[in-house]
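Notes to accompany the following structure.
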2 protein chains.
Amino acid sequence: MTFQKRAHKILELLEAFGEVEIRQLSSKIGVSEVTVRRDLTTMAANGLLYRTHGGAMKISEVIKPVSFANKAAVNLKAKDAICRRAAADIMDNDVIFIDCGSTAFRLCQFIKNKKIKVITNSLPVVNELQHSAVAVNLIGGEVDTARQAVHGTMAKEHIARYHASKAFLGVDGITAEGLYAGSEQEASNTLAMASQSDCVYMLCDASKIGKTSYLKFNDLSLVNILVTNYNGTDLTNFESKGLSVYSVTD
Amino acid sequence: MTFQKRAHKILELLEAFGEVEIRQLSSKIGVSEVTVRRDLTTMAANGLLYRTHGGAMKISEVIKPVSFANKAAVNLKAKDAICRRAAADIMDNDVIFIDCGSTAFRLCQFIKNKKIKVITNSLPVVNELQHSAVAVNLIGGEVDTARQAVHGTMAKEHIARYHASKAFLGVDGITAEGLYAGSEQEASNTLAMASQSDCVYMLCDASKIGKTSYLKFNDLSLVNILVTNYNGTDLTNFESKGLSVYSVTD
DNA sequence: TTTAATTCGATCAAATTTAATCATAATCAA
DNA sequence: TTGATTATGATTAAATTTGATCGAATTAAA
């Protein structure tokens, strides 16, 4: 029984039931659980299914990533406190990147009267800065409706053409080991913006600190300054890795 | 019972009742209250629901999706008639350019269910096609607040990287002598899109026919098809220059 | 305002699942 | 056949998930 055949069988069962358990698969296919687990890992990496604990689900059954508007309402106070502190570092004539995260979006309200240039892939940011003193450069590419953002190869190339003094970015999770993203696209975008900036600000409310996500895309060296409302003792872990930490209270 | 399954159940109940209590969820799903609490926390962090004391609520739809102001509702009937006719020529799998004019914007409503790709520099177009079958590619560059559009060198380069089967464009004025634009930027954008398209549709309500403006940027050879509600005898002037004319009535 | 009752978040322990390591079996090329 | 590469299965340590407990925080009532 080759991997191809097993994969076919797994997808068949998945189509029929919507979800499967490793134990079932093992007995139905006649291979060990270890092998099934390996198969599922491979298939999940190829986007053929969604891995759960003890089994797998059809991709279509997975709760979808939530719209930007909904996410923006979470942890509002903390996000605003973080952004107020970050905005204090922005000077007239700065050129800054703002990514498509819901945290960085809250930065807009604090920079409306600054004479700066903002380069962003976030549609809400563009909209928010519409009638302000800020000059906006919008990154082009494929429009991602769910994230209200622009991604893709063209976006990456666009970013590579520009250079900013500061970048204000978010991540899905951050630990002493590195940075975690919720999707390849977010990771790619974060890397692209960071590499074109003199100083990278990471804006993370407390829920992001110590959290990992499925995609670790870089170590902490990417970041210069961490702005957060988290104030646990393990913040020193970040400082010992060379990050400056701005601690704020909400 | 995995988290994904529980999340499904919770959202289902939330949809049905608008709000749920932890105790209900615990007994209905068959897991401890601690686990339900953890699930709700996670889901709230993802913006899937609002956390309340002792339970959760459905997210209200009050947070409005980003909406761009819709400019000049002039000659609406004529523009809609023109766009309905133009849309009839758009087939599934087409890749089309739509420019930032107020006429071309009206095209959106007629293409929402088509399986096509739209490349545009117009923010209202992006917004309008947000939740449709259409895949949108947004042109990057400097945001022009007044025109709700993207312009500049970067935009021009972006357009040059793509190719479309059809372009749907507007102008400030059109005569037998050529095409007139209201600004350098509009002219530059029109030229760029036209040069990358197999077939150029010019969408002009009657007020544009025979009108000149301060910048004549090209002769009529740029255009393949003129769609208009104008029906004067001098339309033959355009046809004699090689244009096809679609005449519509509003 | 004070008090009582819930609810929450943090911590811990048990059970399960996973990832990593290694040894064995199968496959393939020369 | 031999040697090398790959796939599989067994074993074990690490990580996740879950539920229980208890002080802290929040809500409701007096």
Side-chain angles (χ1 to χ4, degrees), chain A residues 1-10 13-14 19-46 48-57 62-63 74-78 172-178 180 182 204-216 228-235 237 249-250, chain B residues 1-10 13-14 19-46 48-57:
Chain A
M1 176 77 88
T2 67
F3 167 72
Q4 287 296 333
K5 281 193 157 185
R6 294 196 304 271
H8 195 266
K9 185 86 183 167
I10 290 172
L13 291 167
L14 216 48
E19 60 197 320
V20 289
E21 284 176 21
I22 288 185
R23 210 155 304 157
Q24 298 170 358
L25 290 176
S26 168
S27 69
K28 282 209 182 185
I29 300 180
V31 290
S32 74
E33 297 187 9
V34 177
T35 300
V36 172
R37 208 169 283 130
R38 268 194 278 247
D39 288 352
L40 293 185
T41 305
T42 305
M43 294 171 76
N46 291 341
L48 292 168
L49 46 77
Y50 180 84
R51 193 78 170 76
T52 64
H53 252 168
M57 289 177 71
V62 178
I63 307 279
V74 179
N75 284 340
L76 255 195
K77 266 169 61 184
D172 214 45
I174 180 171
T175 72
E177 277 67 49
Y180 297 82
C204 295
D205 64 63
S207 70
K208 304 288 169 54
I209 307 287
K211 180 190 170 196
T212 62
S213 189
Y214 94 102
L215 177 61
K216 178 179 166 189
T228 183
N229 66 320
Y230 179 82
N231 63 353
T233 53
D234 41 345
L235 277 181
N237 294 340
T249 53
D250 32 297
Chain B
M1 176 76 91
T2 64
F3 167 72
Q4 280 289 334
K5 280 189 82 172
R6 295 196 303 271
H8 265 281
K9 191 87 185 163
I10 291 172
L13 292 167
L14 216 48
E19 57 191 338
V20 289
E21 284 175 22
I22 289 185
R23 207 158 307 154
Q24 297 170 359
L25 291 175
S26 168
S27 69
K28 283 211 180 187
I29 300 179
V31 291
S32 74
E33 298 186 11
V34 179
T35 300
V36 171
R37 209 170 284 133
R38 267 194 278 248
D39 288 352
L40 293 185
T41 305
T42 304
M43 293 171 75
N46 289 334
L48 292 164
L49 44 76
Y50 277 135
R51 192 75 169 73
T52 62
H53 260 244
M57 283 177 62

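Each chain gets a letter, A, B and so on, in the order its sequence line appears, and its residues count up from 1.
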Can you name the nearest heavy-atom pair linking [X] to [Y], along with the distance?
X      : Y      : value
A:L25  : A:I10  : CD2-CG1, 4.2 Å
A:S32  : A:S26  : C-OG, 3.8 Å
A:A44  : A:R51  : CB-CB, 4.2 Å
A:T228 : A:C204 : OG1-O, 2.7 Å
A:I29  : A:K9   : CG1-CG, 4.1 Å
A:N229 : A:A78  : ND2-CB, 3.2 Å

Under 3.5 Å, N/O pairs linking protein and nucleotides 5-8 of chain C:
from, atom 1, to, atom 2, distance (Å)
C:dT7, OP2, B:R23, NH2, 2.3
C:dT7, O3', B:G54, N, 3.2
C:dC8, OP1, B:R51, NH1, 3.0
C:dC8, OP1, B:R51, NH2, 3.3
C:dC8, OP1, B:T52, O, 3.4
C:dC8, OP1, B:G54, N, 2.7
C:dC8, OP2, B:R37, NE, 2.9

| task | Decide yes or no on salt bridge (charged side-chain N to carboxylate O under 4.0 Å, His left out) for A:K216 and A:E177, but give the supporting numbers first. | result | CA-CA 9 Å; A:K216 178 179 166 189; A:E177 277 67 49; over 6 Å; no
| Checking only heavy atoms, does the side chain of B:R38 share a donor-acceptor pair with the base of C:dG9 at less than 3.5 Å? |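 Result: no qualifying N/O pair found.
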Integer-rounded Å distance: [N] [atom2] and [X] [atom1]:
X     : N      : atom1 : atom2 : value
A:L40 : C:dT18 : CG    : P     : 8 Å
A:F3  : D:dG9  : CZ    : P     : 14 Å
B:K5  : D:dT18 : NZ    : P     : 12 Å
B:I29 : D:dT18 : CD1   : P     : 11 Å
A:L25 : C:dT18 : CG    : P     : 11 Å

| What bend angle does the helix from C:dT1-D:dA30 to C:dA30-D:dT1 show across its length, from five-pair end axes and to the nearest 10 degrees? |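 If I round to tens, the end axes sit 40° apart.
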| Counting only N and O atoms by type, is there a donor-acceptor contact under 3.5 Å from the side chain of B:R6 to the main-chain atoms of B:M1? |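 Here the side-chain-to-backbone pair exists.
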| said: Does a side-chain N or O of A:S32 approach OP1 or OP2 of D:dT8 to a distance below 4.0 Å, or not? | reply: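 For D:dT8, neither OP1 nor OP2 has a side-chain N or O of A:S32 closer than 4.0 Å.
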| request: Quick one: list whatever passes side chain to side chain contact (heavy atoms under 4.5 Å, CB included) with A:R38, sequence neighbours left out. | output: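 Checked A:R38 against side chain to side chain contact (heavy atoms under 4.5 Å, CB included); matches are A:V34.
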| message | Let's see if you can work this out: which of D:dG19, D:dG9, D:dT8 has an atom nearest to the side-chain heavy atoms of B:V31? | response |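 Nucleotide nearest to B:V31's side chain: D:dG19.
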